[in-house]
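Just so you know, these numbers use all the heavy atoms, side chains as well, and skip hydrogens, waters and symmetry mates. Keep in mind it's a predicted model, so treat the numbers as computed, not measured.
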Amino acid sequence: VELSNVSPDGRRHVLPLIGPGQVSGLLRLLDLPVAVMDVCAQEATRLIHVPCEALRRLLDQEPILWRDLAMVALLRHRASARARHHLAVSDPLRRLASTLLELLARRGLRADADVLPPFTVTQTELANMVGVSRETVRKVLDQMEAHGAVRTGYRRITVLDVEQLHRMAK
C-alpha cells in the first residue's frame with residue numbers, strides 16, 4: 001500500500017510502502033492533527049480498519065500490547081529516518097537501488113531465490129518514492145540494466161542480480 005501526499009507547490013511525496021502485516025496511522029492515537037494522506041493499493045490488498053478509540057480500549061485492557069505497538073512505531077520511524085537520510089545524502093542510483101531492494105522485501109520475495117518474479121511499478125511511482133524526476137529514474141534504470149542488475153518492461157521491473165543491486169545501494 002502506498003501512502004502519499006502533495007505539497008502546496010504540487011510536489012508528490014511517497015512514504016515507504018506498507019507491506020503485509022504492517023500498520024499505518026498510529027499517529028492518530030495521539031489525538032493531534034495529522035497530515036491527510038492518499039492511500040493507494042498497489043496490488044490486491046486486504047485492509048483492516050481499527051477505530052482509534054477501540055484500539056485504545058484494547059491496549060489499556062492489555063498493557064503489554066503497548067510494548068508491541070511501540071515496537072511497530074519504532075520500526076516505522078526507523079524506515080522513515082532511513083528514507084530521509086537517503087534523500088539527503090545519497091545519489092539517485094543508490095536511492096533507487098535501495099528502493100528496489102525494499103520493494104522486493106515488502107513483497108516477501110527472497111533475495112536468494114533463483115528467479116525473482118517481476119513486479120509492477122511505474123517510473124513515475126519510482127520517481128515519487130526516490131524524490132527525483134521520471135526522466136532521472138529512466139536514466140538510472142538504464143544504468144542498472146547495463147550492469148545486469150535489472151530488466152525493465154512496460155510497468156515492470158525484474159531484478160536479475162540482487163548482489164549487484166546491493167552493491168549499487170551502498
Side-chain angles (χ1 to χ4, degrees), residues 1-113 116-122 124-132 137 157 159 162-163 165-170:
V1 174
E2 176 187 283
L3 302 174
S4 65
N5 58 12
V6 179
S7 68
D9 63 354
R11 288 181 299 151
R12 189 163 173 259
H13 174 70
V14 178
L15 297 174
L17 295 178
I18 305 292
Q22 293 184 318
V23 298
S24 177
L26 294 177
L27 290 177
R28 296 187 185 285
L29 288 172
L30 296 175
D31 279 336
L32 298 172
V34 295
V36 175
M37 303 296 289
D38 294 319
V39 180
C40 179
Q42 298 294 317
E43 53 195 48
T45 304
R46 180 176 295 160
L47 298 176
I48 299 172
H49 174 259
V50 180
C52 286
E53 199 50 49
L55 181 56
R56 270 195 220 101
R57 279 194 307 276
L58 173 67
L59 293 168
D60 287 343
Q61 290 170 0
E62 300 288 336
I64 193 69
L65 295 177
W66 276 106
R67 179 185 182 280
D68 294 331
L69 188 66
M71 292 304 292
V72 168
L74 288 170
L75 287 171
R76 292 290 299 159
H77 176 70
R78 179 177 173 233
S80 179
R82 188 179 308 149
R84 284 192 313 273
H85 174 78
H86 269 296
L87 192 57
V89 300
S90 296
D91 61 46
L93 176 66
R94 292 173 70 185
R95 293 198 320 255
L96 185 56
S98 293
T99 298
L100 293 175
L101 290 167
E102 183 180 327
L103 289 173
L104 282 176
R106 296 212 184 250
R107 284 172 170 74
L109 300 174
R110 291 185 35 203
D112 61 348
L116 293 169
F119 52 90
T120 303
V121 64
T122 68
T124 300
E125 290 166 342
L126 286 173
N128 289 329
M129 289 179 212
V130 176
V132 296
V137 166
I157 295 179
V159 174
V162 175
E163 291 306 315
L165 215 52
H166 275 290
R167 285 190 293 278
M168 291 174 171
K170 289 183 181 182

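- Atom CD of E125 and atom OG1 of T120 lie 9.0 Å apart (nearest 0.5 Å).
- Between the CG atom in L96 and the CD1 atom in I157 there is a gap of 6.5 Å [rounded to 0.5 Å].
- In this structure, G131 and R95 approach most closely via the heavy-atom pair O-NH2, 3.6 Å.
- Every residue was checked against the salt bridge (charged side-chain N to carboxylate O under 4.0 Å, His left out) condition with D91, not counting sequence neighbours, and none meets it.
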Return all side-chain donor-acceptor pairs below 3.5 angstrom for residues 59-69, not counting sequence neighbours, or 'none' if the list is empty.
{"residue": "D60", "atom": "OD1", "partner": "W66", "partner atom": "NE1", "Å": "3.4"}
{"residue": "W66", "atom": "NE1", "partner": "L59", "partner atom": "O", "Å": "3.3"}

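- Minimum interatomic distance between M129 and V121 (heavy atoms only, all atoms of both residues): CE-CG2, 4.1 Å.
- Taking CG of N5 as the reference point, atom CG of D38 lies at 7.5 Å (rounded to 0.5 Å).
- Side-chain contact between V162 and H166 is present, with heavy atoms from C-beta onward closer than 4.5 Å.
- More than 12 non-hydrogen atoms from other residues, nucleotides or ligands lie less than 6.0 angstrom from CZ of R56.
- L103 has its side chain within reach of L126: a pair of non-hydrogen atoms, C-beta onward, lies under 4.5 Å apart.
- Taken to the nearest 0.5 Å, the CZ atom of R94 stands 13.0 Å off from the CE atom of M168.
- Contact record, A169 with A97: N-CB, 3.7 Å, taken as the closest heavy-atom pair.
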